[in-house]
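The next block holds one structure in the form of structure tokens; read it before the comments.
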Amino acid sequence: MIRAFDAFSLPLLRWLDPPPIRPRPDDAKLAIRAFGLNFSNPIGMAAGFDKSAEVPDSLLRLGFGFVEVGTVTPKPQTGNPRPRLFRLERDQAVVNRMGFNNDGADTVLRRLAGRAHFGGIVGVNVGANRDAADRVADYVRLIEIFAPVASYFTVNVSSPNTPGLRNLQQASALDDLLARVIDARERVRHNAGDSPVLLKIAPDLSLAELDDVVHIARSRRVDGMIVANTTVARPSTLREQSRAREQGGLSGRPLFRLSTRMVAETYVRAEGAFPLVGVGGIDSGGAALTKIRAGASLIQLYSSLIYKGLGLVDDIKNDLASTLLRTGRDSLSEIVGADAATITAEEWPV
Ligand SMILES: Cc1cc2nc3c(=O)[nH]c(=O)nc-3n(C[C@H](O)[C@H](O)[C@H](O)COP(=O)(O)O)c2cc1C
């Protein structure tokens, strides 16, 4: 029997690339505009699956509205020793400590330049090499290198698997990083065109830290935020206790409530200054809807695809479209953030 994971593996997609199918055109009601881009549907492939931009067109053809490649670092990296990815089957979760394994900026640029004529929204998630002497300089270089081919950038300061990386979320470090990243984007804008810059944060920030992060993101005029990366927390409810003790970031169903709460908390602080991408534990149409009502204009998936396979993308699209039809709405934008205030008043999720 083909297991869900086999239906969603990088080697299979590489072998099939490009797959011999054309996606059905998306229901017009699923279209959404965010940070200057027109998405035919709001479901994206989250960063970390196609780290080196090997199969973005396969993923687009399989029905995603956008694909985020990366995290890409300037130099190639092998990442952490294996094993580095652990399935928590009974929790529908994953722990990973991949450590930014990727083919490096030159190779990834060559691939993205080679597929640019296909179009579609392909964002580039950027990060620093583990051994970088000046981490901020790594981000700046990547913005300069990828601006001609990136539909948008994600500044990833939230991976738990590069020691010290998450310190870039602290106020003064973040302000300096974003100032230099936005400055780099402006410098290359004339030749490379406009590339929106999004900031991807950890779900483990305190609310006081989130206050600072959103304030800085607004004052530096980033174009959006992605909420959230994997968590270093381990909910006591996890059933696969021994695998849960593995070091790394936890994703999948047990991340849903915390990451959704963080979407709502970010939404109320952003006050409409920029749109949010909600990611963390989405594994059904209902979960997608909850994330959108918490404040996400767009959503991304990763772990649930490992358990449920790629059919989930169509299932979520169908559910969202039928919800809009049933409730007499023309667009998802009408419900983005509808529940944010309510969610922020609930007890903190454990
Ligand atoms: C194996 C694996 C590798 C990941 N690698 C990255 C990465 O390189 N960069 C990044 O920003 N997020 C990475 N992520 C985090 C995902 O993009 C996403 O934020 C997180 O998994 C929560 O979504 P999910 O619950 O749908 O998986 C990775 C996640 C997994 C499971």
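Counting convention: from 1, in listed order, for ligands and their atoms alike.
Note on R218 versus E271: salt bridge recorded, some NZ/NE/NH1/NH2 to OD/OE distance being below 4.0 Å. Taking a cutoff of 4.0 Å between a charged side-chain nitrogen and a carboxylate oxygen, E186 and R189 qualify as a salt bridge.
Residue-to-ligand polar distances keep M98 apart from ligand 1: every N/O pair is separated by 3.5 Å or more. In terms of polar-atom proximity, Q300 is not counted as a contact of ligand 1, lacking any N or O under 3.5 Å from an N or O of the ligand. Backbone and side-chain nitrogen or oxygen atoms of N125 are examined, and one is located within less than 3.5 angstrom of a nitrogen or oxygen of ligand 1.
L250 and I282 sit in two unconnected hydrophobic clusters of ILVMFWY residues. Membership requires side-chain heavy atoms under 4.5 Å apart, directly or through other members. If you chain together hydrophobic residues whose side chains sit under 4.5 Å apart, L238 and V95 fall into the same group.
If you look at E68 next to ligand 1, there are no close heavy atoms at all, none under 4.0 Å. At a 4.0 Å heavy-atom cut-off, ligand 1 touches T71 through backbone and side chain alike. Contacts between L85 and ligand 1, counted as non-hydrogen atom pairs separated by less than 4.0 Å, involve the side chain only.
For A228, the heavy-atom gap to ligand 1 drops under 4.0 angstrom. For the pair G281 and ligand 1, a heavy-atom separation below 4.0 Å is found. Heavy-atom distances between S159 and ligand 1 stay at or above 4.0 Å for every pair.
In the model, S159 has no side-chain atom that pairs as donor or acceptor with a side-chain atom of K200 under 3.5 Å. Looking at Q77 and N129, their side chains do bring a donor and an acceptor atom within 3.5 Å of each other.
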Exercise. Hey, mind stepping through I182 and R221 against side-chain contact (heavy atoms from CB on, under 4.5 Å) and telling me if it holds?
Worked result: CA-CA 8 Å; I182 297 290; R221 297 187 180 282; 5.8 Å; no
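Interface atoms of ligand 1 facing S303, defined by a heavy-atom separation under 4.0 Å, are 24 (P), 25 (O), 26 (O), 27 (O).
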